[in-house]
Every structure is written in structure tokens, then in C-alpha cells.
Amino acid sequence: MHYEHIEIEKKWRRIWEETDMHRTNDDTPKPRHYCLDMFPYPSGEGLHVGHWRGYVLSDVWCRHMKMKGYEVLHPIGWDAFGLPAENAAIKKKVHPAEGTMMNIKNMNRQLVEMGTMYDWSREINSSSPSYYKWTQWLFLKLYERGLAYKHEAPINWCPSCRTGLADEEVIQGKCERCGTEITKKNLNQWFFKITDYADRLLRNLEDLEWPSRVLTMQANWIGKSYGAEVIFKVKECDEELPIFTTRPDTLFGATYMVLAPEHPLVKTLTTDECREQVDEYVRKVQSITELDRLSEDKEKTGVFTGAYAVNPVNNEEVPIWISDYVLMSYGTGAIMSVPAHDERDWEFAKKFDLLIRQVILPPDGNNNLESAYTGEGTMMNSGDFDGLSSRGGFEQVVDWLAEKNLTRRQVNYKLRDWLISRQRYWGAPIPMIYCSNCGIVPVPESDLPVLLPYIENYEPTGTGESPLAAIPEFVKVKCPNCGCDAKRETDTISQWVCSSWYFLRYVSPHEDAVPFDEEKVKIWLPVDLYVGGVEHAILHLLYSRFITMVLCDAGYVDFQEPFVRLFNQGMICRRSETSGRLEKMSKSKGNIVNPDGLVERYGTDSLRAYELFIGPPEQDSEWDDSGIEGVYRWLRRVFNFVMDTKFLEGREMSREVRRYIHTTIQKVTEDIERFHLNTVISSLMECFNNLQDFNRKHPGRFYKESVEEYLRLMSPVTPHLAEELWHHLGNIDSIFNEKWPEFNSDFVKEDTMLIVVQVNGKLRDRLTVPVESNQKFVEKTANESEKVMSAIKGKTIRKIIYIPGKILNIVAN
RNA sequence: GCCGGAGUGGCGGAACUGGUAGACGCACGGGACUUAAAAUCCCGGGAACAUAAUCGUUCGUGUCGGUUCGAUUCCGACCUCCGGCACCA
């Protein structure tokens, strides 16, 4: 009999489908487990071996949980709206609706071929009206709660995708999707008020079982800082300039102020003599891209406005400058500048020859600074506050100014509100109506969904309006309030909104009256284990947390955090043909490995096992085709062994075999639970080598139960092969309805133990002694060893260290 | 610059809370089977020295120090690679 993997795998997939093996039941007395893969977008390129990794990982986990007695919810669906899908469609000149359907079909085939246990009856698609109806509903809920607002602001604009983007979608000044440099564009846009939740989003991080780097990334992104808002009065003028500082203890060192070029008071403050250069500078700043503005090696630029402010602590007059290193979107858009104790201010002061005054003495006593000193120290040149520590000074300066109503304690966040309008076709229309009588009117819930019309010219316009604006039948509408002619909002909702609630939809994917069945949400959520790449560390994971909190506040769900445990699988890398370096697999880098050929040659089970065997799942790994050979050999040997051996009936194992099996049960179970899937494969291979050895040495003494136990252990990794051999042994029911093997520690005990004998920490001999031996006996045996004797010859024994069952170390000199 | 992660044979990697470094696999070498090859099976591989083989000795987990009877594991300094963030006052 040959190991005909193709036929075996096809056969079992068919049977599993016919018998509804992977259907998840809501009504069950079993404990429940919700394991979720991150929402994939239907890409035309399909899945490569890098994508496989995450899906195999979660599938192995789920199959193991099922055998452990859990009712497992393991659904899948498609993040089908949005830029990726639409950009691909435009490139191939296919309508996004059709392109998306084609891609879904292909990826669906691949996921099925992987032998995954998804419950396909729960498949969802974020671009279907039955889904996006509820994305629109979500928008209305946020609007009702004052968390969705329209606002004109200079937003991130991608000239290539021709749409606005959220801050989170701009990576180092470039578009997250296409890499084009981002510019600013003033547009009237819809935002979600995620900043209202900044503090909760930060605090709740403590309770999450997430990789620490993701927690750190989120905390940094939220960027909470404690400080004070201090008011500087403008000289000879009624205007006030509030600034935010985290270092009120350095106020006496504030020798000038800087406003963002976009600051509303720039026009008012600028003197006639300076107006020309200020106007020119403002124009220049507006014209450069975000990337250039942020670039690190850029020299500081700026101009003097001609105006002066008064430093509230010492009534000193300080010049007011403008510079693009001050951002309008953080704090108040204005800063006090303390060049002696801030690197950026130092650089600026040096360049424009502004006064630098040291007000903090470092612990080393240096009072002649050659660069900004940003640490803590003792206050100096600070009037009555001299001699106070930075910390004490912070409090006292604030208290003193607060009495004069010139300051208050203040917490600031880097997090900005979430821009969700997209000037693109392929998304859920924002369910809002503009009426000349009533203003902004939400579409009544009963009118949802606002259907996305099927149009021929869906390409982005670049005018700042979506292609929908050119469709009169879409735009024209009656005001739901007064019945007059009104206009629809024509922007669409960012796909990140679609994916920030999808995990709720899986519990009741066909529900028509509500977005999700609240009772079912109660029994299944929050998600117990979320598996996906680290690339979503900020974007998707932050948005989903926010949306869940809002739904919790609104009483739709009873938990704040959607994902209890998160596992990030490492990327599969390969040398890129273009750069020659190890890089993440992607079509553009030309380093893709297509799984289809490998599946044909070695089978799905081999590829599944190899995806795990390649390395620790949380780390990046380099792909190497040749390694799969070894995994394939193992599976074929198992197949041949089971097919060719005549096993003894009866539920009994020989002692030696039982020890191998139980050692492996323990190891495999522990390793799956710790996600060490690579060593799961090693131990399964090792165990099989031992079993086969035993069978060669003692032919005809192998019990069926032993193989069955082994097959159970293999089954999450190689489901098809395990199922085939399971049935070959005469079992009728599926192996996945079996229980996970129980480990029994009595069965791994041996009669003897190995004691390593060291002299001065160096290995000298290995002793095999009965397990019940005490230290005295071990010492005596060691003393009889020639190797040990020669090592301690002529030396005095100073100390003996004995670790029971492990080691005996003799210290002698 | 700041914050993470990593550095172990020719290669991927293993070693749970300090206790036999190199499990498992790839590639390689030798052998068996074969007319031959492929496939399969068996055996062997960290390095150096030594030896006719064996026995053996020394070195060895990025570098240099430290703690310890004992360090891939803990501490300190540094080097390299990868990832994230980056004018957030």
C-alpha cells in the first residue's frame, strides 16, 4: 500500500463535509471556546505558505480543544470592503464586486484544502448588504452617542489612493496600502471620537493576555503624558497663549515661544514688519509633504513673528516664533521653549541664536551645558524655587501659578480622533443626509441599509468627493425629517470599521433583525484566543477595542475587551529576488512560495506539519522547501507502519511502549498549550522512532491501543492521515469525536535513573542507579567509578552537591 | 534617538523554574538492497589535539567581565541583525 495522500485527503474532506463535522452548536452542555483568525481580505493572489502558518496554528489549536471536550467556535469570513480589494480590482480592470467574489472563491478553495475545521455555515462577507447594514447601524449608534462628528480639518491624503486616511494608516509618512507619500488636504470629514476612550483603552491593557510588545505599542500610540497647561499672555494685546508642558519645573528657562504655523493666532500676532516672511513660511510648510516635515535629519526652520509674550513665572518678555516642529494637533499647538532642557528647543535656539538659560542642575553638577540636559535635577536660576528637586518643583510651580489662575494640571494623549470617511466607492455608504432645513439628519434605522449602487465608473475622483457624488439617483433623497429634497452623504465608511465588530456577527451570522444575537454573544464572547499577525497591533486591535467599549456602554454587550488572549504568529520570510535580503513574503518582493505545488507533491498534512516544524510560531522563520521532505518521510513511515503491522487486540500496552506514549502525551499536551508547536512535531517524530524500534526488536507484541493513542496525538496536526489510519484500525466514528489522551504519571516512571557525576563542575561519569537510591548510595557508587577516582586523585573533597535524580557534583582541590 | 525581539554545528532549530549543550529534522559521508539508479532501511557527523581504532584531553551557545559547586539560562558593559515608534513639548 502506498501513502496516496491526495486520495486520502480528498476522501476525508468530503466525508467531513457530508457529515457536517465542523458545525458549531450553540446549544450544548460543553464548555465553550471561541478561537478566531483575523479577518482576511480576499486577495487575488491567494494564500502563500506564510498565510498558511496562522491558519494551521489556529486549526491545530481548535482540533485539540475540541478533543479536550470544548464546543469550539472557529469561524471565517471576508473583510471584503475597502482599499485593498478596490485597488486590486482597479488594477485588473474588474468591478470590485466581481473581483471580490472571484477572490473569495479561490481563497475559500485554499482554506478548504488546508483541512481546516471552519464552520462554513457561519461565513460572512463585510461587503454584503446584510452585513454592512449593521456597519451603518453601528455608525448611527456612535452618532447617537455623540461619538461620530463631522469636522473640517487638514487630513492625511493619499494622492495615489485618492482618499483620506486615518493616522493609523500612515506609516512613516507613507500610505499603509500603497507606500505613496501622504499630503495634507482640508476636507470636511467624519470622525469617531476615540479620544474619549483614551484612558480606558490604556488602563484596560493591564488585563489582557497579549504579547507584551503589542501592549507597549498600543500604550505608546495612546501616548498619555502628565503635565500642566500654562497661560502666557501676549504683550500689549488681550490674547492669551496657553501651552502644554510636562516640565513646569523648567518654566524659568523658557526663553521664547513657538507656535505651529497653522495656529489661529499667527495672523493676529504677526507684526507688519514680519508679515511677509511669516506668510511665506506658512505657505512653504503647507506645500511640503508630511514625510518631509517629519524627516529626522531635517534642520529646524522657523521665523519670528515680531510679537512677544510674558513668561508668567518671572514676567520676562520672550519672543514668539513659528516653526513646523510644533504640531497644531497636539496640546494647544503652541509651546514654551526651554532650550537648555529640551533637545529640539536646543537645536532651534542654536540655529537662530536665541537665549539658552540653564535652570536644572544635573546630579553631576554640570552648570556649563554643551547639549540639552533632559533629565531630572535641582532647580537653579528659578527665583524662590532654587534648590528644589525637579519633582518637587513641578508640584510647587503649578500650585503657585494655579492660585493666579494661570495654570492647571493637564493630561494629554497622542491619540487623535479616528478619521473614518473615505472618498472611495467600495465601502458602506455613510448613512447620513444633508437637508437645507434640518441640517445633518441620520438615516432612520428602518431605512437601512443604504445600498451601495452598482456603478460602472467607480474609480476614485481625486476631487475630495467619492464617485458616488456623481450618481444623482444615489445622492437625491427626501429628508426623513421634513420631507424636502435633500442630499445623501457620498463618502463611504473605512473598512477598519467593518472589521472592528465582525467577531460579534459570527454568533448569529444570518440574523436579520439585529446585528448580533445578544444572548449568543453572552455565551460565546469575548474571544478566548485571537490568532493573527502583528501588523494589526495598533490599527485593527485598537479600533475593535474602542468599538466594543462603546457597545458595552450602550448596553449591547456586557464586556469591554473583545479579545482575551492574543497570539501573533511570526512571518515567513524568504530571500527577496529584488533586494537579496530576508523579507516577508509578498508578491511585490518576488519571494512567494505557492503552497499548491507542495500540497500536490507531499499532501496537506505534510505541509501543515512542516509549517509548524519550521520554527517557533511566534518568531519569524525562513522558508526552505527541502525541510518538508523530512516531515513527509515521517508521515509515510507512520502510514506504512500502521498498514503493515498486525496489532494485538485489547486495551493494553506493553510497559516500554506505554512509557513512550505517555511521555509524549505529556510533552505534546504541554507544548500545544504553550504554543510550542514546533516541538510538538519533534516529540511526535521521536516517539514514532521509539515505537518502530520497539516493534522491530519485539515483533508481534504491539497492541492496537498504543497506535490509537499515537494517532490521537497526531490528529490535530495531520487530520486526514490520522482519520484514515483510525478507520483502518476498525473504528467507525471520527477520530475527532475521540477524547484527547490522558497523561498518567505512573506510566512514565522508570526503574533506574541516570545520575551525572561532576568533579568541580565538569562531567566525569554517568551512573545508572535504581530510582529509589539515596544520596549515600549515589556517592558510594560514584566513588567506585574509575573516572571519578582519577579526577579526584590527590585532592581533598571540600563539598558535595547532590540534586536528587539529576546530578552529583564533587568539589575538590 | 527610544522601545521590543533575536544571536547555539554546514543549515532550520532543541534544552520547563541555573544541573549531561546540540533533541528532532535537512544537507552531507559510509554501508545494505539493486544489473544500475531512484526510493527505502541501517550507521556516523560541534571543533581541535591525540591514537592503528578505542580510551582520552582541551575548547565550545555573538564579545568581554561578574555571581555560582555548576551559566545557552542570572547580573553588568559592548557588538551585530530584525521589527516597531519617532520633532507629541
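Naming: A, B, ... by sequence-line order, numbering from 1 per chain. Because only heavy atoms are used, hydrogens play no part in the values below, and waters and symmetry mates are left out as well, while side chains stay in.
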Please work out if A:Val811 contacts a base, only the sugar-phosphate, or nothing of the nucleic acid, heavy-atom cut-off 4.0 Å. sugar-phosphate
Categorize A:Arg213 for me: base, sugar-phosphate, or nothing, with a 4.0 angstrom heavy-atom threshold over every strand shown. sugar-phosphate
Going by the rule salt bridge (charged side-chain N to carboxylate O under 4.0 Å, His left out), which residues pair with A:Glu618 if we only count those two or more places apart in sequence or in a different chain? none
Residues in salt bridge (charged side-chain N to carboxylate O under 4.0 Å, His left out) with A:Arg659, at least two apart? A:Glu750
Donor-acceptor pair, A:Arg416 side chain versus A:Lys414 backbone, under 3.5 Å? yes
Answer yes or no: does a side-chain N or O of [X] lie under 4.0 Å from OP1 or OP2 of [N]?
{"X": "A:Asn412", "N": "B:A89", "answer": "no"}
{"X": "A:Asn678", "N": "B:A23", "answer": "no"}
{"X": "A:Ser323", "N": "B:C87", "answer": "no"}
{"X": "A:Arg636", "N": "B:A39", "answer": "no"}

Between A:Glu622 and A:Arg574, does any side-chain N to carboxylate O distance fall below 4.0 Å? no
Any salt bridge linking A:Arg408 with A:Glu229? Criterion: basic side-chain nitrogen under 4.0 Å from a carboxylate oxygen. yes
Can you tabulate the close N/O pairs, meaning under 3.5 Å, that link protein atoms to atoms of nucleotides 17-19 of chain B?
unit_1 : atom_1 : unit_2   : atom_2 : d
B:G19  : N2     : A:Gln758 : OE1    : 3.4
B:G19  : N2     : A:Asn809 : ND2    : 3.4

Distance, [atom1] atom - from [M] to [N], rounded to whole angstrom:
{"N": "B:A27", "M": "B:U35", "atom1": "C1'", "value": "29 Å"}
{"N": "B:C55", "M": "B:G46", "atom1": "P", "value": "13 Å"}
{"N": "B:C79", "M": "B:A86", "atom1": "P", "value": "25 Å"}
{"N": "B:G44", "M": "B:C26", "atom1": "P", "value": "15 Å"}
{"N": "B:A89", "M": "B:G76", "atom1": "P", "value": "28 Å"}
{"N": "B:U54", "M": "B:G45", "atom1": "P", "value": "10 Å"}

Does A:Lys667 have any side chain to side chain donor-acceptor pair (under 3.5 Å) partners at least two apart in sequence or in another chain, and if so, which? A:Asp671
Donor-acceptor pair between A:Arg53 and A:Ser621 side chains, under 3.5 angstrom: yes
More than 12 heavy atoms from other groups under 6.0 Å of CD on A:Glu535: yes
Where the side chain of A:Ile335 is concerned, which of B:C85, B:A89, B:A23 is the nearest nucleotide? B:A89
Is there side-chain contact between A:Lys799 and A:Ile801, with heavy atoms separated by less than 4.5 Å? yes
Looking at residues at least two apart in the chain, or sitting in another chain, which of them share a ring pair (Phe, Tyr, Trp, His ring centres under 6.0 Å) with A:His263? none
Separation of [N] [atom2] from [X] [atom1] (nearest whole Å):
{"X": "A:Arg637", "N": "B:C24", "atom1": "CZ", "atom2": "C1'", "value": "11 Å"}
{"X": "A:Asn220", "N": "B:C3", "atom1": "CG", "atom2": "C1'", "value": "6 Å"}
{"X": "A:Lys667", "N": "B:C24", "atom1": "NZ", "atom2": "P", "value": "12 Å"}

Only Watson-Crick and G-U wobble pairs with both distances less than 3.5 Å should count. Give RNA chain B in dot-bracket notation, marking inter-strand partners with |. (((((((..(((......[....))).(((((.......))))).((((......))))..(((((..]....))))))))))))....
